[in-house]
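Read the structure below first, then the notes.
Order of the sequence lines sets the chain letters (A, B, ...), proteins ahead of strands, with each chain counted from 1.
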There are 2 protein chains.
Amino acid sequence: MNKIFNPKPETWSSILKRPTQTIDDIEVTVKEIFKEIQKKGDEAVAKYTSLFDGVLFENIEVSPSEIEQAIATISDELKTAIQLAKSNIEKFHSAQKTARVEIETVEGVQCWQEKRPIQKIGLYIPGGTAPLFSTVLMLAVPANIAGCNEIVLCSPPDKSGNINPAILYAANLCGVTKILKVGGIQAIAGMTFGTKSIPKVYKIFGPGNQFVTVAKQLATQYGVAIDMPAGPSELLIVADDTAFPAFIASDLLSQAEHGTDSQVILVSTSLELIDKVEKEIQKQLEVLPRKAIAEKAIANSKLIFVENDKTALELIDEYGPEHFIICTKDEDFYVRNIGNAGSVFIGSYTPESAGDYASGTNHTLPTNGYAKNYSGVNLDSFTKSMTFQKISEKGIQNIGKAIEIMAEVEGLQAHKNAVTLRLKDLKIEK
Amino acid sequence: MNKIFNPKPETWSSILKRPTQTIDDIEVTVKEIFKEIQKKGDEAVAKYTSLFDGVLFENIEVSPSEIEQAIATISDELKTAIQLAKSNIEKFHSAQKTARVEIETVEGVQCWQEKRPIQKIGLYIPGGTAPLFSTVLMLAVPANIAGCNEIVLCSPPDKSGNINPAILYAANLCGVTKILKVGGIQAIAGMTFGTKSIPKVYKIFGPGNQFVTVAKQLATQYGVAIDMPAGPSELLIVADDTAFPAFIASDLLSQAEHGTDSQVILVSTSLELIDKVEKEIQKQLEVLPRKAIAEKAIANSKLIFVENDKTALELIDEYGPEHFIICTKDEDFYVRNIGNAGSVFIGSYTPESAGDYASGTNHTLPTNGYAKNYSGVNLDSFTKSMTFQKISEKGIQNIGKAIEIMAEVEGLQAHKNAVTLRLKDLKIEK
């Protein structure tokens with residue numbers, strides 16, 4: 001672990017630098033597969049599923065009987081846990097519904113804003129050893145609340161041609177309309193162009209490896225929107241001597257086990273706490289099944305000592321962490337003033353895992369400093385805001401002159417004319 | 001104009017096809033200028049300003065005395081018009097403020113969502129013959145309401161080294177914090193990397209030519225967000241025999257004068273109206289100063305006859321127009337059911353120009369079918385949504401077990417451990 005004492009502001013950006021990724025080589029591959037799927041559809045999808053996942057299908061759609069079988073294999077304990085998580089996610093995202101915003105800006109000029117669902121969305125859920133069924137909840141639940149009519153889920157099959165049962169259980173529970181056994185670049189390309197088996201969607205959500213990340217970026221060049229740019233997961237904790245070192249260490253490690261490129265940072269005004277946390281990390285690390293991964297991430301992690309809360313806040317705001325845990329005496333200072341963070345966890349009994357699974361907040365969050373300019377996934381991510389206006393005869397008389405003058409100065413005579421015609425018409429009638 | 005009668009649904013996508021743009025050649029140029037500005041900063045900015053705009057500056061920042069001079073040249077009539085527009089835009093965008101969304105999902109688990117301003121934003125305003133000061137209002141007003149602390153405006157200088165006075169007047173009126181005489185690719189690259197004169201920003205807004213569009217796309221690869229992907233402006237009108245042909249024609253022309261690649265479509269259940277509108281267009285076109293441009297756009301435009309409102313709606317929803325005017329007997333049918341449109345204008349006295357300038361709604365809207373998956377610019381475009389949670393001892397006891405089970409099944413033992421440690425600690429204390 002790297003311990004840094006009182007770093008000068010001019011060094012912050014290099015201290016807080018995230019690991020850089022090179023994606024140039026991947027891009028060529030991704031572009032080729034996109035072109036092939038655009039041209040050949042399902043035939044090309046099957047080719048790449050066979051190549052990357054080692055299976056060949058007649059039909060990539062998961063059948064009702066496969067879903068039934070999956071449900072039967074899930075323990076009651078896990079079902080109860082998933083249902084509690086779903087209920088909390090539903091409560092929090094339902095609370096985010098907004099009413100129509102309507103005002104009369106001047107007499108006779110009625111303007112309103114409404115959010116309407118994005119009609120067709122695609123969810124990508126990675127396969128592999130850790131089945132991310134929690135991400136199914138985080139994406140399908142708000143999509144359903146928003147009223148999206150088509151919710152397609154793609155996830156890669158294992159060697160026997162199956163999707164993990166927990167993913168199928170969650171997808172079925174949360175109202176996914178179609179589940180497809182297709183992963184990686186071929187899934188993203190399929191949802192971008194549409195094939196006979198894979199519906200074309202308007203927006204793609206979900207995590208994935210570097211290939212999926214690059215494929216999602218490429219999809220945006222073909223008119224598809226994506227949830228947000230992706231990067232390795234990260235956690236920053238600010239803690240003082242009122243914090244429990246064992247809790248802090250456990251949170252840092254829960255982030256570190258995600259991947260060797262995970263970012264883990266502790267900022268503290270207490271040298272004693274930093275030392276204690278360091279020792280606790282070594283202790284807890286020993287017994288972790290994913291020790292090898294966590295160890296590498298921890299080796300790159302940073303323990304930063306600063307003199308006071310004000311400096312800590314400035315440094316944290318410059319970093320803009322995806323996850324931000326506050327365990328300090330004056331927690332309100334950070335809550336009130338933090339400008340850039342994805343999701344904020346306050347106090348000793350609020351571990352980051354709570355937000356990952358079951359508290360109700362969303363775990364799809366901006367990494368890589370994107371907390372400065374992107375929202376985490378929320379109800380609005382599944383809608384778009386539309387505006388409406390209705391102007392009466394009185395209304396156009398109230399604002400018509402202003403429009404004519406402005407259009408004239410901007411050199412747009414036809415814009416002016418559309419108003420002039422109407423104003424003239426109203427004068428004749430009176 | 002192309003008249004199309006009762007097109008079959010399978011032909012809609014080809015009929016409604018937008019003009020395609022080729023941007024491959026531009027990309028190389030844009031990338032080169034980005035690399036040079038990243039490396040050489042202001043020196044490279046000056047080089048390209050000299051090359052593209054034909055001027056050389058000591059200092060690209062607009063001075064207070066330049067702003068004063070500009071204000072003095074603006075007529076009182078224009079000032080009044082701009083102030084009315086500003087007031088309406090303020091009213092409509094202020095009404096979009098959302099309160100903190102806060103709920104207790106289960107006892108002891110407090111979750112909330114807050115919108116906080118994107119701290120540094122950049123506005124790009126094109127130069128040229130038509131000074132788009134209206135766009136300054138549409139972007140700077142909501143940025144100010146959102147509370148963005150740094151609002152940088154870049155606009156290219158004319159041959160004498162000046163920015164149009166109406167742009168300066170509007171920028172000053174709406175609280176822009178810094179105005180810079182720099183345009184095109186070099187402005188976007190400057191705001192992406194930051195130079196000594198140009199602040200680095202987190203999100204870039206505003207229209208521009210193909211070079212600016214490609215530059216904004218490239219900026220997203222360097223961590224900067226943008227308002228939305230850009231494309232030629234477009235208008236679709238649905239009208240029946242209750243509509244005034246002269247008004248419809250004037251609206252179609254106001255869209256057509258934007259550029260030769262503007263999209264103009266009329267959908268109607270009345271053959272008579274289609275004929276009348278066609279004649280009106282020819283008549284009104286004759287006297288337009290931008291006749292040459294409008295004529296080309298009109299030549300590519302489409303007048304589509306359909307049998308009934310239901311078919312019309314389906315066709316319009318498949319297109320997803322940026323601007324959508326409704327002039328029909330049963331306007332509510334369209335208002336209620338339209339799923340994809342940027343901004344909707346209802347009734348005979350609601351010309352599109354009203355929304356372009358002064359009604360209060362925003363005119364920065366999704367083109368090119370992006371109304372299916374992107375919002376137009378609104379107050380939220382200048383904020384990001386952050387979530388917060390605070391869990392009590394009781395709260396972690398309520399959801400802890402569910403987290404442990406889910407983390408275990410996902411194979412994330414350290415995530416589980418962060419909860420287990422806390423639950424154990426609480427048991428010991430009790």
Top contributor to chain B contacts, counting heavy-atom pairs under 4.5 Å, from A:Thr98, A:Leu285, A:Thr361, A:Leu253: A:Thr361
Toward chain A, the part of B:Asn398 with a non-hydrogen atom under 4.5 Å: backbone
Heavy-atom pair count under 4.5 Å with chain B, highest-scoring of A:Gly376, A:Ser87, A:Ser134: A:Ser134
Proximity breakdown for B:Ala85 and chain A, heavy-atom pairs closer than 4.5 Å: side chain
Results of salt bridge (Lys or Arg N to Asp or Glu O under 4.0 Å) for A:Lys120 - residues two or more places apart only: none
Working for side chain to side chain contact (heavy atoms under 4.5 Å, CB included), residues B:Asp380 and A:Asp380: CA-CA 10 Å; B:Asp380 282 347; A:Asp380 282 348; 3.8 Å; yes
Nearest heavy atoms of A:Ser348 and A:Phe244, plus distance in Å: OG-CD1, 3.5 Å
Interchain contact, B:Leu84 with chain A, by part (heavy-atom threshold 4.5 Å): side chain
With sequence neighbours excluded, residues passing salt bridge (Lys or Arg N to Asp or Glu O under 4.0 Å) with A:Glu104: none
B:Gln83, part contacting chain A, at a heavy-atom distance under 4.5 Å: neither
Polar contact flag, side-chain donor to acceptor under 3.5 angstrom, A:Trp112-A:Gln110: no
Side chain, backbone, both or neither of B:Arg116 within contact of chain A (heavy atoms, under 4.5 Å): side chain
